[in-house]
There are 2 protein chains.
Amino acid sequence: MNLAEQGLLLEQQLCFDVYAASRAINKAYRPLLEALGLTYPQYLVMLVLWQHEAQTVKQLGEQLQLDSGTLSPLLKRLESAGFLQRQRRASDEREVEIQLTEAGRALRQQASNVPASIFQALGLNASDYFELKRLLHQVMASVEANSPD
Amino acid sequence: MNLAEQGLLLEQQLCFDVYAASRAINKAYRPLLEALGLTYPQYLVMLVLWQHEAQTVKQLGEQLQLDSGTLSPLLKRLESAGFLQRQRRASDEREVEIQLTEAGRALRQQASNVPASIFQALGLNASDYFELKRLLHQVMASVEANSPD
DNA sequence: GGCAATTATATTGTGTGCAATTCAATTTGT
DNA sequence: ACAAATTGAATTGCACACAATATAATTGCC
């Protein structure tokens, strides 16, 4: 087997590991978030809103790297679940502002143990945790330099 | 802000980094694979088949950690694209055997430069590459120990 | 041999992701 | 001021993911 062919082996593919790890992590969140009535992407949106309540769709999209094609239906589901409200901003009617409801705010308390549970499930010590974070950031920076948004 | 609340900050979430990196990598593959007529999950299936031509759906699913709900329609699309054929195995009619077509086999040559292109786009030196791989494997092993298949 | 449990795949339903398009509101250039 | 360009969301269309269910074939057990 020559060098080019060796690159085509699944077990050599770092990218597959990232892809598989992402799905495995999602699976670990599922039972925890099900108790809150959230999916993992919905939980990420709530994280952003818990940090700063009023956000436009665009601002959410920038932080989560998701576009309106993903966020619009997701936000509608969160709205019909009663966790937030969407309304056109008066100062610029193109923008839709997302506001937490009381139920959405209250959910934060119920979610407060999720990060620790997940951290434990990851099985990493602090130094590996930060090393993994560093390497992922490096990969994202490189990849996005080649294929910009 | 107390400790529990600090866990709920997006920028502290390693899991978000894995999720975002996975999508960023997918985006990097897209233009390369578009030239071959493949999506990234389809490319992964082809990688497995290039290594070992005859596989059942179950065997593919084990290697890629994907179930029949994902693989069945994906394999049908690869079949109608002319890259493979699906047929019930005579010895056990519950199993569906996947066979590459000549076009599917030929695609391997066209894909041979993909791994090197992607490796370059990742911007990692060899030692970071293997370190990232090690950490991801560790995470997957831990996570799957808690939420088994 | 026959029937219950198991196995392999397919189907259904829900929820992302994302490219491409559409539409309305705003900003810009003159 | 006003037409053209830009912007922010929503919509459409397609392709995953995955839980839950259905179906058909096989295996085990008596």
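These figures come from a predicted structure and were not determined experimentally. Residue numbers start from 1 in every chain, and the chains themselves are labelled A, B, ... in the order their sequence lines are given, proteins ahead of strands.
- Atom-to-atom, CG of A:Leu66 to P of C:dG15 comes out at 16 Å; the value is rounded to the nearest Å.
- Take A:Tyr129 and apply the ring pair (Phe, Tyr, Trp, His ring centres under 6.0 Å) test, not counting sequence neighbours, and it matches A:Phe119.
- If you take CD of B:Gln59 and C1' of C:dT9, they are 14 Å apart, rounded to a whole angstrom.
- Salt-bridge formation is not detected for the pair B:Arg88/B:Glu93: no Lys NZ or Arg NE/NH1/NH2 atom is positioned less than 4.0 Å from an Asp or Glu carboxylate oxygen.
- With sequence neighbours excluded, the residues satisfying side chain to side chain contact (heavy atoms under 4.5 Å, CB included) with B:Asp67 are B:Thr70.
- One N or O on the side chain of A:Gln63 and one on the backbone of A:Gln59 form a donor-acceptor pair closer than 3.5 Å.
- With rounding to whole Å, A:Asn26 atom CG is found 14 Å from C:dG15 atom P.
- Nucleotide C:dT9 holds its P atom 13 Å from the CD atom of B:Gln87, rounded to whole Å.
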Measure all distances between protein nitrogen or oxygen atoms and nitrogen or oxygen atoms of nucleotides 19-27 of chain C, and list the pairs falling under 3.5 Å.
unit_1 : atom_1 : unit_2  : atom_2 : d
C:dT26 : OP1    : A:Glu93 : N      : 3.2

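- One atom, CG of A:Leu60, and another, C1' of C:dG17, lie 16 Å apart when rounded to the nearest Å.
- The residue A:Leu71 sits apart from the nucleic acid: no heavy atom pair falls under 4.0 Å.
- Mapping B:Pro73 and A:Leu74 onto DNA chain C by nearest heavy atom places B:Pro73 closer to the 5' end of the strand.
- For the pair B:Arg86 CZ and C:dA8 C1', the interatomic distance rounds to 13 Å; values are reported in whole Å.
- If you take CD of B:Gln55 and P of C:dT9, they are 11 Å apart, rounded to a whole angstrom.
- Mapping A:Arg23 and A:Lys58 onto DNA chain D via the closest heavy atom, the residue that lands nearer the 5' end is A:Lys58.
- Shown here are the side chain to side chain contact (heavy atoms under 4.5 Å, CB included) partners of A:Ala103, two or more places apart in sequence or in another chain: A:Phe83, A:Thr101.
- Taking each heavy atom of B:Leu74 and B:Val45 in turn, the nearest pair found is CD2-CG2, 3.7 Å.
- When the ring pair (Phe, Tyr, Trp, His ring centres under 6.0 Å) test is applied to B:Tyr29, the partners found at least two apart in sequence or on another chain are B:Tyr40, B:Tyr43.
- Note: B:Ser80 OG to B:Leu75 CG = 11.0 Å, rounded to the nearest 0.5 Å.
- You can see that DNA chain D meets the heavy atoms of chain B within a 4.0 Å-exclusive cut from D:dA15 to D:dT26, reading 5' to 3'.
- When all heavy atoms are compared, the tightest approach of A:Cys15 to B:Ile118 is SG-CG2, 3.5 Å.
- A straight line from NZ of A:Lys76 to P of C:dT14 spans 17 Å, rounded to a whole angstrom.
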